[in-house]
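As a basis for the values below, the full set of heavy atoms in this structure was taken, side chains included, without hydrogen atoms, waters or symmetry mates.
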Amino acid sequence: MDPNATVDIERQRRRRKRVKQIKTFIVSFITFWIIASIAAISFLTYKVISLQNQLNDLSAKMSGGSVSASNYADGDNDGLALINYASTAEENLAQAGDTLKVYLTFDDGPSENSDRILDILDDYNVKATFFVNGREDEHSLAVYKRIVDEGHTIAMHSYSHNYSELYSSLDSFTADLNRIQGLIYDTTGVECNLYRFPGGSSNKISNADMSEYITYLNDNDIRYLDWNVASGDATTQAYTSDDLVENVMKDVVKYKTSVVLMHDADNKDATVEALPKLIEQLQGIGALILPVSEDTDLIQHVSISN
């Protein structure tokens, strides 16, 4: 055989071998990439489902154990603690013939929706309670004044609503408290002594010892109020206005005194839309819709005596 032909054949063999190796590598790489992608997608799907289940459990506990929804978390991620409202004090359980007292409370304002909420309350001649944060723009200051001028209760929900700052120390907490208290007084003339902890008195999100802050409020004659009925508007679940009304109505009938958690925030249009229907249904069952006052029975998740 011609030596040159032998060389050419050997070259062709080596070239085919290299091509085969390259093909094998490419196929192996693509196969690995596909398997890895499937595994990653499967893992992420599992994590999403797991998280959704956890959020559903949390939301169910928030609303008495029967609402299937995802977790808290509007824009401010209010950090709602795991509360079983079935543990509400037995003496607050409603009996046949009881007149139900319902306190509509709105956290996190002022917002772009504040005036809409106040307009609806005015239309129905209903008074509510607003747990406000600290904002000093012209519109927010006007909202503080309007809340008071129209006979609603204005209350404190911290100035910053920043968990890491607010609960970092007692000094930080008291400085924030003094700031929101001073802002309300300077704007409205009201010496406010009603507080709602971001996350509630049983807040677990901040990993803070809430007893320290509760004791401070007690020692300074500042009352704190949690809730025993949740509308669900703090969750990421896309509740309709009808859903929010249903969430409230199924629970208020359980208690003599119901403190309803809702939110006054820019993204709470469903809450605004639900409000007229909620008021009408509450009035339809003969419930008294009241603003929080000195005579209100306090609903507290955690209570520490002085």
Heavy-atom neighbours of [X] [atom1] exceed 12 at 6.0 Å:
X: Y185; atom1: OH; answer: no
X: K277; atom1: NZ; answer: yes
X: E112; atom1: CD; answer: no

Closest non-hydrogen atom pair, [X] against [Y]:
X: K256; Y: E91; answer: NZ-O, 3.2 Å
X: S169; Y: S172; answer: OG-N, 3.1 Å
X: N113; Y: R116; answer: OD1-NH1, 2.8 Å
X: S160; Y: L166; answer: OG-CB, 4.5 Å

From [X] atom [atom1] to [Y] atom [atom2], the distance as rounded to the nearest 0.5 Å:
X: S37; Y: I30; atom1: OG; atom2: CD1; result: 11.5 Å
X: I289; Y: Y124; atom1: CD1; atom2: OH; result: 10.0 Å
X: L225; Y: T105; atom1: CG; atom2: OG1; result: 7.0 Å
X: M210; Y: Y216; atom1: CE; atom2: OH; result: 14.5 Å
X: N178; Y: Q181; atom1: CG; atom2: CD; result: 6.5 Å
X: N193; Y: M156; atom1: CG; atom2: CE; result: 7.0 Å

Without swapping roles, check the side chain of [X] against the backbone of [Y] for a donor-acceptor pair under 3.5 Å.
X: Q300; Y: Y224; result: yes
X: D226; Y: S201; result: yes
X: N203; Y: I205; result: yes

Can you see whether [X] engages [Y] through a side-chain donor-acceptor pair at a distance of less than 3.5 angstrom?
X: N133; Y: H157; answer: no
X: N218; Y: T215; answer: no
X: D233; Y: S231; answer: yes
X: D209; Y: S211; answer: yes
X: S241; Y: D243; answer: no

If you measure from the Lys or Arg side-chain nitrogens to the Asp or Glu carboxylate oxygens, is any gap between [X] and [Y] under 4.0 Å?
X: D108; Y: K268; result: no
X: D107; Y: R196; result: yes
X: D251; Y: K254; result: yes

>> Testing I299, D297, N228, T257 one by one against Y103 for a side chain to side chain contact (heavy atoms under 4.5 Å, CB included), which residue passes?
In response: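 Of all the options given, the one that passes is T257.
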> In this structure, which one of D119, V272, V143, D266 forms a side chain to side chain contact (heavy atoms under 4.5 Å, CB included) with S114?
Replying inline: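 Only one option passes, and that is V143.
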May I ask you to test the [X]-[Y] pair for a side-chain heavy-atom distance under 4.5 Å?
X: H152; Y: V148; result: no
X: M262; Y: L104; result: yes
X: I147; Y: E150; result: no
X: T129; Y: T296; result: no
X: L217; Y: Y195; result: yes
X: I154; Y: L194; result: no
X: T187; Y: K145; result: yes
X: Q281; Y: L278; result: no

> Given the rule that I, L, V, M, F, W and Y join up when any side-chain heavy atoms are under 4.5 Å apart, are F32 and I41 in one cluster?
Replying inline: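 Unlinked, F32 and I41 end up in two clusters.
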> Among the clusters formed by ILVMFWY side chains lying less than 4.5 Å apart, do I26 and I34 turn up in the same one?
Replying inline: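 Shared cluster, yes.
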> After noting the C-alpha distance and the side-chain angles of K101 and Y255, does the key distance pass the side-chain contact (heavy atoms from CB on, under 4.5 Å) rule?
Replying inline: CA-CA 8 Å; K101 295 180 181 180; Y255 308 123; over 6 Å; no
>> Ring centres under 6.0 Å, that's the criterion: do F106 and F131 meet it?
In response: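 No; F131 has its ring centre 6.0 Å or more from that of F106.
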> Should N162 and S164 be marked as a side-chain hydrogen bond (donor to acceptor under 3.5 Å, both in side chains) after you check the CA-CA gap, both sets of side-chain angles, and the distance that decides it?
Replying inline: CA-CA 6 Å; N162 183 318; S164 60; 2.7 Å; yes
>> What verdict does the side-chain contact (heavy atoms from CB on, under 4.5 Å) test give for T99 and L288, after you've listed the backbone C-alpha separation in whole Å, the side-chain angles of each residue and the deciding distance to 0.1 Å?
In response: CA-CA 7 Å; T99 298; L288 297 179; 3.8 Å; yes
> Residues two or more places apart in sequence or in another chain: which of them pass side chain to side chain contact (heavy atoms under 4.5 Å, CB included) with D137?
Replying inline: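 Applying side chain to side chain contact (heavy atoms under 4.5 Å, CB included) to D137 gives R135, H139, S140.
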>> So, using side chain to side chain contact (heavy atoms under 4.5 Å, CB included) as the criterion, who are the partners of A270 when residues are at least two apart?
In response: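 Per chain and number, A270 pairs via side chain to side chain contact (heavy atoms under 4.5 Å, CB included) with L244.
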>> If you apply the rule side-chain contact (heavy atoms from CB on, under 4.5 Å), what do you find for L183 with Y144, and how did you get there?
In response: CA-CA 9 Å; L183 175 61; Y144 296 144; 3.7 Å; yes
>> For a side-chain contact (heavy atoms from CB on, under 4.5 Å) check, start with the C-alpha distance between N247 and Y239, then their side-chain angles and the critical distance, and finish with the verdict.
In response: CA-CA 10 Å; N247 290 345; Y239 278 130; 3.6 Å; yes
>> Using the ring pair (Phe, Tyr, Trp, His ring centres under 6.0 Å) criterion, which residues pair with Y167? Sequence neighbours excluded.
In response: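 Y167 satisfies ring pair (Phe, Tyr, Trp, His ring centres under 6.0 Å) with Y163, Y213 once adjacent residues are dropped.
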